[in-house]
Engineer: 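Questions regarding the structure given below will be posed in turn.
For this chain, numbers begin at 1 and follow the sequence in order.
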Amino acid sequence: MGTAVVLLGWRPADFWRCTPTEFWTAMKAFDRANPPSPSPS
């Protein structure tokens, strides 16, 4: 639940109402919108 609240900005009630598919789809979208920064050379 912490990931949903902190990274996705969901309320706890939103997390408990979502399906596993909705959660993982949101996580994949978050990853696509926030790619890792390249390492400094």
Side-chain angles (χ1 to χ4, degrees):
M1 179 175 68
T3 300
V5 172
V6 174
L7 292 181
L8 302 176
W10 291 7
R11 297 171 299 159
D14 298 329
F15 172 79
W16 291 113
R17 272 190 289 246
C18 79
T19 65
T21 301
E22 291 170 328
F23 174 76
W24 289 112
T25 300
M27 288 301 297
K28 287 178 188 173
F30 179 86
D31 285 344
R32 283 190 215 112
N34 299 284
S37 300
S39 298
S41 301

Engineer: If hydrophobic clusters are built from ILVMFWY residues whose side chains come within less than 4.5 Å, do W16 and V5 share one?
Structural biologist: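 They do share one cluster, since a chain of ILVMFWY contacts under 4.5 Å joins W16 to V5.
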Engineer: List the atom pairs, with distances to 0.1 Å, where a side-chain N or O of residues 24-36 and a protein N or O form a donor-acceptor pair under 3.5 Å, not counting sequence neighbours.
Structural biologist:
{"unit_1": "T25", "atom_1": "OG1", "unit_2": "T21", "atom_2": "O", "d": "2.7"}
{"unit_1": "N34", "atom_1": "ND2", "unit_2": "F30", "atom_2": "O", "d": "2.9"}

Engineer: Can you list every side-chain hydrogen bond (donor to acceptor under 3.5 Å, both in side chains) pair that touches residues 2-12, not counting sequence neighbours?
Structural biologist: R11-D14
Engineer: Distance check, rounded to the nearest 0.5 Å: F23 atom CZ versus L8 atom CG?
Structural biologist: 6.5 Å
Engineer: Among residues at least two apart in sequence or on other chains, which ones pass side chain to side chain contact (heavy atoms under 4.5 Å, CB included) with S39?
Structural biologist: none
Engineer: Once side chain to side chain contact (heavy atoms under 4.5 Å, CB included) is applied, do any residues pair with S37, and if so which ones, sequence neighbours excluded?
Structural biologist: none
